[in-house]
Structures are given as C-alpha cells and as structure tokens.
Amino acid sequence: MMKKYILLGTALLTLLGAASCKKTDDDTTNTPSLSGLTVNQVPPFLPKGSTLTYKANVDYITVSKGDMPGTLGLYWQVNSAKRDTLTRDTAQSNPDFVYTADTLGTYNVFCYAYATGYYNASASSSFIVVDPETVLTDVEDPSGEVTVNGITWKAGNLNNGTCGLSFRNSSVLDAPMGRMYNWQEAQTACPAGWHLPSLQDFKTSFAETSGVIHSGDLMADASFRGEKMWEYWSGVTVTNKYGFNAIPLGYIDSSDTINTYDKWGEYACWWTSDSAGGMGVYLYLFEREPEALTGKGDKESLYLSVRCIKD
C-alpha cells in the first residue's frame with residue numbers, strides 16, 4: 001500500500017512559489033523533483049454549465065533522488081486563474097476539486113503537488129465547452145427528411161441513445177452529429193417506421209446514370225466550432241445537392257481495450273444492411289475522392305454512422 005500524504009497548509013504556497021521560481025545550476029543538480037501525479041480525465045466536449053469533479057492520484061508519486069517528503073500539498077488552477085484562489089481545503093487528506101464550466105471555450109485544468117525542498121509535480125486535463133445547438137453550422141436542419149427518387153431519408157445521422165457510442169465519448173455531440181454503431185446494432189437501431197438502407201438504396205437515390213455517386217452531392221459545407229469540416233480539394237465540389245448533410249466524423253475502432261476515434265475531417269461512413277464474406281458493407285466519402293466508395297468492416301468492432309430511410 002502506497003503511503004497517504006497529509007496536505008500542507010495554504011500559507012506555504014507563496015513561499016513555495018517563490019522558491020520554485022529561482023532555479024540555479026546548483027538547484028538543478030541538488031534539488032529533487034516530484035513526478036508521477038495524475039488526475040482523472042473528462043470527455044473532450046461538454047455542455048455549458050457542466051460541473052466536473054477531479055481527483056488527484058498521489059499514490060504513485062516518486063522523487064528523482066533521496067527520500068520521499070513526509071507531507072505533500074496540492075493546489076489547482078484553471079486556465080490563467082490565480083492558483084491560490086483555487087487551493088482546496090487542506091484539512092482533508094486529498095479533497096476533490098469541483099469546478100463548474102459556465103462559459104463556452106477551452107478549459108485547461110492543472111493540478112500541482114508540492115513539498116518543501118522539492119520541485120513540483122504536475123498533471124492536467126483539458127476539455128471544450130460547446131453549445132449543441134450552435135456547435136455545427138452551415139448545414140441544413142439534420143432533424144428533417146429528404147425524399148430522393150422515391151426514397152425518404154433522414155437528413156441527419158441517427159441518434160439512438162439506447163445503443164452505439166458517442167463521438168469522442170462526448171454525449172453533447174449526439175444530437176447535432178449522431179452516435180456511431182457497429183453493424184449488428186445498426187440493423188435494428190432505426191426508430192419505428194424507418195430502417196437501415198441497403199447499398200442499392202443509396203445507389204437508387206443518389207447515383208447518376210453512370211452509376212456513380214458524386215461525393216460533393218452528399219457533403220455539407222458544414223463548420224464545427226467555426227472551422228470548415230471538409231477540407232477543400234479541387235476535384236471535389238461540395239454542393240449538398242440532396243440535403244443529405246454528410247459530415248466527416250470518421251469512425252470508431254473498438255478492437256482494442258480503448259476506443260480509437262480516427263479520420264475526423266476526412267471520412268464520412270454509413271453502414272448498409274448488406275454483408276459480404278462475414279463482414280458488414282458500408283458506403284463512405286473521402287475528402288479528396290470525387291466518387292463515393294464502398295468498403296467492408298468487422299461487424300462488432302467497427303463503429304460508423306447510420307442514416308435511416310422510411311419503410
């Protein structure tokens with residue numbers, strides 16, 4: 001069992017801050033440093049008004065040389081706020097740091113562990129506060145419907161909160177962008193009166209007489225937090241001709257113990273009801289490819305967007 005530490009009083013902060021700012025060559029050689037402090041992480045995107053609880057883990061703090069200090073202090077800082085105003089109650093052994101993010105923007109939360117005669121250890125966590133109603137702009141209403149060549153489509157990606165995964169583990173993005181699902185979930189995820197399209201359904205609605213689906217006809221010139229999502233490529237003309245509102249969320253790979261979110265800003269992918277060779281078939285758009293493409297993926301570990309059509 002690792003040693004638990006008693007927190008130092010706040011009166012030491014000024015003294016410690018002054019001492020840590022004066023590093024001489026002799027200090028660098030002889031003053032030991034603390035390391036190994038960690039804090040819990042939060043989703044990268046959160047809604048305005050989110051209250052976050054942070055815990056500092058001091059169990060694995062080590063020193064560069066010499067003995068461990070008998071006592072440790074902790075203080076917290078958010079962005080450029082004065083650190084002493086955010087020092088927690090030092091009467092507790094390791095109190096939680098609770099913070100409410102009440103404005104839009106980027107937040108950087110820092111935690112520092114300190115002890116007299118040692119250089120500080122630090123850890124951090126970052127997140128962005130967004131408004132789900134305004135985070136996605138320059139796109140037609142994704143809650144609507146569009147009918148193309150006799151097939152009625154949802155104008156946005158499916159958001160079924162009973163299954164699938166949130167993009168970047170951030171549920172605040174579910175409504176504007178939809179969740180992602182593996183192929184098995186996608187088969188039954190659409191609401192009553194709707195179902196998952198086949199590859200032929202995509203072709204019936206959007207393919208030209210040549211059989212080609214032009215990528216730009218499905219792409220929306222959307223912006224995420226004020227930045228264009230699809231990068232410009234001369235061979236692709238973004239028109240959103242059918243009001244399909246395609247946005248490049250990429251995909252989620254859950255084959256490892258940690259979900260990997262990949263190809264944001266490059267790919268938009270949707271499952272179809274088809275399968276081939278034991279794998280699920282999907283249709284996808286690539287930012288620099290003028291024609292829509294098809295691929296096959298693992299039915300359990302690959303998570304893609306879903307677009308529903310009316311029965």
How far apart are the C-alpha atoms of T31 and Y119, what are their side-chain angles, what is the distance that settles it, and do they pass the side-chain contact (heavy atoms from CB on, under 4.5 Å) test? CA-CA 7 Å; T31 304; Y119 290 130; 3.6 Å; yes
Consider only side-chain N and O atoms of [X] and [Y], and report whether a donor and an acceptor are under 3.5 Å apart.
X	Y	result
W270	N157	yes
S125	Y54	yes
D138	S223	yes
S198	D201	yes

Any heavy-atom pair between the side chains of [Y] and [X] that's under 4.5 Å?
X	Y	value
L34	P69	yes
N120	Y75	yes
D262	D253	no
Y118	V63	yes
T237	H214	no
W271	L304	yes
V129	T103	no
E145	K310	yes

Rounded to the nearest 0.5 Å, what's the gap from [atom1] on [X] to [atom2] on [Y]? Could you check?
X	Y	atom1	atom2	result
D131	R225	CG	CZ	12.0 Å
N240	L218	CG	CG	8.0 Å
S122	Q77	OG	CD	10.5 Å
S254	Y303	OG	OH	4.5 Å
I309	L196	CD1	CG	8.0 Å
N149	T204	CG	OG1	8.0 Å

Donor-acceptor pair, side chain of [X] and main chain of [Y], under 3.5 angstrom:
X	Y	value
R179	C163	yes
S205	V148	yes
E185	W183	no
N57	D59	yes
N160	A189	yes

Should we say atom [atom1] of [X] is surrounded by more than 12 heavy atoms from elsewhere, each under 6.0 Å from it?
X	atom1	result
D141	CG	yes
K296	NZ	no
E300	CD	no

Taking all non-hydrogen atoms of both residues, which atom of [X] and which atom of [Y] are closest, and how far apart?
X	Y	answer
C111	L74	SG-CD2, 4.0 Å
L158	C190	CD2-N, 4.0 Å
L37	A121	CD2-O, 3.9 Å
G235	P290	O-CB, 3.4 Å
A292	S215	N-OG, 3.4 Å
K241	E208	NZ-OE2, 3.8 Å

Please lay out, stage by stage, how N169 and N259 fare under the test side-chain contact (heavy atoms from CB on, under 4.5 Å). CA-CA 9 Å; N169 194 33; N259 293 333; over 6 Å; no
Whether K228 and D221 form a salt bridge (side-chain N of Lys/Arg under 4.0 Å from carboxylate O of Asp/Glu) is what I want to check. yes
Residue pairs meeting ring pair (Phe, Tyr, Trp, His ring centres under 6.0 Å), one or both in residues 120-154, sequence neighbours left out, come to Y107-F127, W153-F202, W153-F206, W153-F244
Does [X] share a hydrophobic cluster with [Y], counting links as ILVMFWY side-chain heavy atoms below 4.5 Å and allowing steps through other members?
X	Y	result
V135	Y261	yes
L173	V139	yes
M279	Y181	no
V78	L52	yes

Under 30°, 30 to 60°, or over 60°: which ring-plane class applies to Y251 and Y267, parallel, tilted or perpendicular? perpendicular
Would you call the rings of Y112 and F110 parallel, tilted or perpendicular, where under 30° means parallel and over 60° means perpendicular? parallel
Exactly one of M219, E289, E287 clears side-chain contact (heavy atoms from CB on, under 4.5 Å) with V236, and that residue is M219
Under the rule for ring-ring contact (aromatic ring centres under 6.0 Å, His included), what residues qualify as partners of W264, not counting sequence neighbours? F167, F224
Determine, step by step, whether V172 and L46 satisfy the side-chain contact (heavy atoms from CB on, under 4.5 Å) criterion, reporting the C-alpha distance in whole Å, the side-chain angles of both residues, the deciding distance to 0.1 Å, and the verdict. CA-CA 6 Å; V172 68; L46 292 166; 5.6 Å; no
side-chain contact (heavy atoms from CB on, under 4.5 Å) between Q200 and T272: does it pass, once the steps are laid out? CA-CA 9 Å; Q200 184 57 50; T272 74; over 6 Å; no
